[in-house]
Amino acid sequence: EPYQGDIIKRYGVRAVIVVLVVATCSVALGQDLPQDMRPFVKLGYEFSVEVFRGPTIRDGQVVDPGTLIEGPRRQIVTLHGSGTVISRDGLILTNFHVYEPVTKPFLDFDRKRNVLVKGTPIGRHMLVFENDLIDPMKAPALRYRAVPLSHDEGLDITLLKIVAAVDGTKLNRQDFAFVEIGNPYGIPWQRRLTLVGYPGKGGETVTVTEGKFLGYTRGARAAIDGSI
C-alpha cells in the first residue's frame, strides 16, 4: 500500500481550548475585539519525516522500523495551536499540549501496519505566525521562532519567548504587540466571553467564537481536535 501523506496531516490539528464556554457560535470580526489582533498568534513546528516499509512490532513496540522508503524530509506543521503574546519582549502563553509534540518523536502506521511514519521534531522551538495589522482575516504569516522558558504539564500551561526571526536572526525587541493578563476570578457568572484562536476546524485564519462563563472546574480535558 503506497504511503499516503494524510497520515501526517492530523498532527497539525491541535487546539487550545478553554472549557469554560458553551453554545459557541461565530462572531463577526471586529465585534468586541481589539483593533490589533497581532498578539493572538498561531503556533507551529518543524519536524523531519521518514517513511519505512515492513516494520517489526512486538508487544506493541517497534523493534525494527523496516526499510526506509522515503525521507528524511523537512515538514512544517502550520495549523497546530494558539498562543497569546503577553509582554512587550515577546513572552507567549500557550497550553502544554500545544508544545508537547515538540518534545518527542511520534510514530504512526497505515491501516495494515505495513508502513511506519516517524516524525522527529527539529529543535525545541516553535514557529510563530502573526496576524496582519491591517487585515487580520488574512492567513497569519510565519515570522518568528520561540523557545520554551517553563511549563506545567498538570496545569497544561507553557511559557514561550520569541528569540529570533523565522530565518534564525536573533531578536531582542521590546515592541511586540501584547495583551495584559487579566483576573479570571473577576469574571461575573454568565458573562459573555469572546474567544480568539486557532482551534483546527477554523482553517488557516483566526477563529472568533463566543459563549458564556459558567464557572471553574478542575481536571477538565481539552479536545485536541477543536470539538469542544
Side-chain angles (χ1 to χ4, degrees), residues 13-44 79-100 126 128-137 140 143-144 146-163 173-202 205-228:
V13 186
R14 305 273 179 173
V16 180
I17 302 295
V18 181
V19 190
L20 295 176
V21 295
V22 294
T24 59
C25 59
S26 297
V27 179
L29 191 65
Q31 179 180 343
D32 297 329
L33 293 177
Q35 292 184 344
D36 191 347
M37 297 287 287
R38 290 178 298 172
F40 306 103
V41 296
K42 181 170 69 172
L43 298 172
L79 185 57
H80 179 66
S82 310
T84 304
V85 182
I86 58 172
S87 70
R88 294 189 186 279
D89 61 350
L91 291 178
I92 298 175
L93 189 64
T94 185
N95 290 99
F96 178 75
H97 72 259
V98 171
Y99 176 70
E100 185 177 16
M126 297 205 76
V128 181
F129 298 75
E130 185 180 57
N131 277 304
D132 185 80
L133 177 60
I134 305 302
D135 184 6
M137 285 306 294
R143 300 197 186 280
Y144 311 112
V147 298
L149 297 183
S150 182
H151 71 266
D152 189 310
E153 186 173 356
L155 295 177
D156 196 23
I157 292 176
T158 296
L159 185 66
L160 308 171
K161 189 178 191 302
I162 297 174
V163 295
R173 287 175 46 181
Q174 299 290 325
D175 61 350
F176 286 102
F178 74 101
V179 294
E180 296 182 356
I181 296 179
N183 177 15
Y185 298 103
I187 303 174
W189 187 64
Q190 289 198 338
R191 176 71 174 268
R192 188 171 69 88
L193 300 178
T194 301
L195 283 73
V196 180
Y198 302 88
K201 292 187 176 181
T205 59
V206 66
T207 297
V208 182
T209 56
E210 71 171 8
K212 289 183 178 180
F213 176 72
L214 298 181
Y216 306 95
T217 185
R218 293 181 181 273
R221 298 180 60 185
I224 63 174
D225 63 352
S227 61
I228 296 180

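Proximity of a side-chain donor or acceptor of Asn183 to a complementary backbone N or O of Tyr185 within less than 3.5 Å is detected.
Residue Leu149 holds its CG atom at 6.5 Å from CG of Leu91, rounded to the nearest 0.5 Å. Atom CG in Asp175 sits 10.5 Å away from atom CG in Asp89 (nearest 0.5 Å). With values rounded to the nearest 0.5 angstrom, Gln174 atom CD is found 8.0 Å from Ser87 atom OG. If you take CG on Asp156 and NE2 on His151, they are separated by 10.5 Å, rounding to the nearest 0.5 Å. The distance from atom CD1 of Ile157 to atom CG of Asp152, rounded to the nearest 0.5 Å, is 6.5 Å. Atom CE of Met126 and atom NZ of Lys42 lie 12.0 Å apart (nearest 0.5 Å).
Counting non-hydrogen atoms of other residues, nucleotides and ligands closer than 6.0 Å to CD of Gln190 gives a total above 12. Within a 6.0 Å sphere centred on CZ of Arg191, heavy atoms belonging to other residues, nucleotides or ligands number 12 at most.
Asp36 pairs by the side chain to side chain donor-acceptor pair (under 3.5 Å) definition with Arg38, not counting sequence neighbours. Residues passing the side-chain contact (heavy atoms from CB on, under 4.5 Å) test with Glu153, sequence neighbours excluded: Phe96, Glu100. Applying the side-chain contact (heavy atoms from CB on, under 4.5 Å) test to Arg88 and every residue at least two apart in sequence or in another chain returns Phe178.
The shortest distance between side-chain heavy atoms of Thr158 and Asn95 does not fall below 4.5 Å. Glu130 places a side-chain heavy atom less than 4.5 Å from the side chain of Tyr144. Residues Val196 and Met37 form a side-chain contact, since some pair of their non-hydrogen atoms from C-beta on lies under 4.5 Å apart. Between Leu43 and Thr94, the closest side-chain pair of non-hydrogen atoms falls below 4.5 Å.
When all heavy atoms are compared, the tightest approach of Val41 to Thr84 is CG2-N, 4.4 Å. Phe176 approaches Val85 most closely through the heavy-atom pair CB-CG1, 4.3 Å. Counting all heavy atoms, side chain and backbone alike, Tyr198 lies closest to Asn131 at OH-ND2, 2.9 Å.
Screening Val98, Ile92, Val147 for a side chain to side chain contact (heavy atoms under 4.5 Å, CB included) involving Leu160 leaves a single residue, Ile92.
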